[in-house]
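Order of the sequence lines fixes the chain letters, A, B, ..., with proteins taken first and strands second; residue numbering starts at 1 for each chain. From a predicted model like this one, the values you see are computed outputs, not experimental measurements.
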Amino acid sequence: MTSPTLSFSELALAPSLTQAVAEMGYETMTPIQAQAIPVVLTGQDVMGAAQTGTGKTAAFSLPLLQRLMRHENSSASPARHPVRALVLLPTRELADQVAQQIAQYAKHTKLRSTVVFGGMDMKPQTAELKKGVEVLVATPGRLLDHIEAKNAVLHQVEYVVLDEADRMLDIGFLPDLQRILSYLPKERTTLLFSATFSPEIKRLASSYLQNPVTIEVARANATASTVEQRFYAAHDDDKRRTICHVLQERGIRQAFIFSNSKLGCARLSRALERDGYRAAALHGDKSQDERLKALEAFKQGEVDLLVCTDVAARGLDIKDVPAVFNYDVPFNAEDYVHRIGRTGRAGASGLAVTLVAPSDSRLVADIEKLIKTRITVETLAMPSARARQRSDAGGESPRSERPSGHQEARNGASHFASSRPVRGARPVRAAPADPFFDRPYEASASEAPPTWESKPAPGSTLRQIKAKRKVPALFKPAGSV
DNA sequence: AAAAAAC
């Protein structure tokens, strides 16, 4: 498992490519790059698994461009620029991001590239396609539109890349994907990359590959060791408060917050804005314009909390995001790995906090199994709902829970103070006494755990609920992953 | 249980 080369300059890449890489500030290769680039240069099919945030895009696009350059041509004629490489991604934002990276890598070559995805006007995309591109980056639906409109001709495609391959092969995408593949020559190179591969998807994937080389840098489904993972017990009513508490405690300004639903995402974003945070929502019911704006505002540091669905779970590469919160435990364990991969990128440290409601035990157990790491759900020491109630009655503003000093913008000025007038104290809804969360949950391994229902019935006791147990013990008083 | 991807 030694890497033959570690520096880009030692690779057999064209000067135009190494120059672009150098200009982007990269010198040494990551492990996935060191292993994948030489293989992709041979033109073999590849199934690649690597942790998120380790440079997968460069790992396939640099050697791909190198291969394409063998018959590079400078003709202006579209006919001389047939689509030769197709890169497919599961979300529009990701397509946009990967396309921008590829354009950067290719900027000193004669190769042309463009991107097509839904939610945007067809016409400019059509115009670009008609000019002729060697590299086409796309999401499936819009690509099919262009194929059927004869804007994109794919019968000369030599390379197909499925990024986030396990998602592209899942049931929601598979029909579109199969249709797209039916337009491509059988004789071609296929590259699959993802941070996660379930056994079923791995089997399915291999049916699309010919004698593939498997590259597995870290174990598939592994989470980055630089990310501190925490699981905190929280009822739905307490989740927002818990997030605010952790943000303050840790002095964290920016974070992704994942919700399992578009509605929940919209609501949470609005609630956080009411709390005084600079939050924005990113989900599939927003217009593409709003989606791109929200993402850009977050990148620029104009928005601190990006509240999103799993549309943002995969691949998005934003520097220096210190934390990810799972407001909801993801339905698929794989999505957990992708979500928390938004932080701790490129060797940086990160914090991932997952809020675990009583009914989430099964999902947490799935994650534990997938990442092969023991998970302990902690009860976070926070001022209890009752204490909060008392202090509110005493006239203290609920906004005192908001983060304060660390909210200075990176640039220095406090955009918080300037952009938002401080509002008066608002009444906080009194939380009912809660048998689980007003004291630490105590369970021992020998003791049967409760079936965690979303809300204990009024007057129910821990003992009564325990009697209805179904799932294995997960909840322990303290500790970490 | 949901989300994503085309109009």
Side-chain angles (χ1 to χ4, degrees), chain A residues 86-99 115-126 129 136-152 162-181 183 194 196 201 236 256-269 281-288 290-292 295 306-316 326-339 342 356-367 451-455 470-471:
Chain A
L86 181 61
V87 183
L88 296 172
L89 299 120
T91 71
R92 298 163 180 179
E93 285 77 10
L94 207 45
D96 198 21
Q97 173 184 297
V98 167
V115 60
V116 299
F117 52 82
M120 308 280 276
D121 197 347
M122 288 279 283
K123 285 192 211 101
Q125 297 178 357
T126 304
L129 290 171
L136 178 56
V137 182
T139 50
R142 179 55 65 92
L143 177 62
L144 282 168
D145 268 4
H146 281 296
I147 293 173
E148 276 148 26
K150 308 260 189 253
N151 300 331
L162 304 188
D163 201 359
E164 307 298 339
D166 61 332
R167 171 61 81 245
M168 300 304 293
L169 291 166
D170 91 8
I171 194 68
F173 278 104
L174 199 55
D176 277 359
L177 182 68
Q178 282 171 329
R179 270 178 65 205
I180 291 167
L181 294 179
Y183 289 99
S194 184
T196 54
I201 292 291
D236 288 346
F256 277 94
I257 304 178
F258 285 97
S259 160
N260 279 357
S261 72
K262 290 181 279 197
L263 185 61
C265 177
R267 282 183 180 151
L268 178 58
S269 169
L282 174 54
H283 57 73
D285 278 351
K286 295 226 146 204
S287 73
Q288 194 53 35
E290 288 175 303
R291 284 167 59 164
L292 294 171
L295 192 60
L306 192 64
V307 188
C308 40
T309 57
D310 281 321
V311 70
R314 286 167 177 263
L316 291 184
N326 292 312
Y327 185 87
D328 299 313
V329 183
F331 291 128
N332 300 316
E334 279 86 6
D335 288 332
Y336 173 82
V337 174
H338 289 279
R339 286 180 180 188
R342 294 321 99 218
V356 182
S359 55
D360 293 332
S361 303
R362 173 52 58 200
L363 299 176
V364 173
D366 289 347
I367 293 169
T451 292
W452 283 56
E453 300 188 324
S454 59
K455 198 75 185 172
K470 273 181 207 141
V471 293

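- Taking atom CZ on A:Arg267 and atom P on B:dA2, their separation rounds to 13 Å, with Å as the unit.
- Across all strands, A:Asp328 comes closer than 4.0 Å to no nucleic acid atom at all (heavy-atom distances).
- As rounded to whole Å, 21 Å separates atom P of B:dA2 from atom NE2 of A:His338.
- In this model, the phosphate group of B:dA5 is approached by a side-chain N or O of A:Arg291 to a distance below 4.0 Å at OP1 or OP2.
- Look at A:Ser261 and you won't find any side-chain N or O under 4.0 angstrom from OP1 or OP2 of B:dA1.
- When rounded to the nearest whole Å, the span between CD1 of A:Ile180 and C1' of B:dA5 equals 10 Å.
- Among the atoms of the strands shown, none is found under 4.0 Å from any heavy atom of A:Ile147.
- Side chain of A:Gln97 to main chain of A:Gly315: a donor-acceptor pair is present (N/O by atom type, distance under 3.5 Å, no hydrogens or angles).
- Donor-acceptor pairing under 3.5 Å, judged by distance alone, is absent between the side chain of A:Asn260 and the base of B:dA3.
- Considering only the side chain of A:Leu363, B:dA1 comes nearest among B:dA5, B:dA1, B:dA3.
- Counting to the nearest Å, the P atom of B:dA4 and the CG atom of A:Leu316 are 13 Å from each other.
- Within 4.0 Å of A:Gly118, counting heavy atoms only, lie sugar-phosphate atoms of the nucleic acid but no base atom.
- Of the candidates B:dA1, B:dA3, B:dA5, the closest approach to any side-chain atom of A:Phe331 belongs to B:dA1.
- Nucleotide B:dA4 holds its C1' atom 12 Å from the CG atom of A:Asn332, rounded to whole Å.
- The distance between atom CG of A:Leu89 and atom P of B:dA3, rounded to the nearest whole Å, is 21 Å.
- A salt bridge is defined here as a Lys NZ or Arg NE, NH1 or NH2 lying under 4.0 Å from an Asp or Glu carboxylate O, and A:Arg339 with A:Asp328 fails to meet this definition.
- Counting only heavy atoms from C-beta on, A:Thr91 has its side chain closest to B:dA5 among B:dA6, B:dA1, B:dA5.
- Here the CG-CD distance, from A:Asp145 to A:Gln125, works out to 9.5 Å after rounding to the nearest 0.5 Å.
- A close approach under 4.0 Å does occur between a side-chain nitrogen or oxygen of A:Thr139 and OP1 or OP2 of B:dA6.
- Put simply, CZ on A:Arg179 is 12 Å from C1' on B:dA5, counting in whole angstrom units.
- What separates CZ of A:Phe117 from P of B:dA5 is a distance of 10 Å, to the nearest Å.
- For B:dA4, the OP1/OP2 oxygens have no side-chain nitrogen or oxygen of A:Arg92 closer than 4.0 Å.
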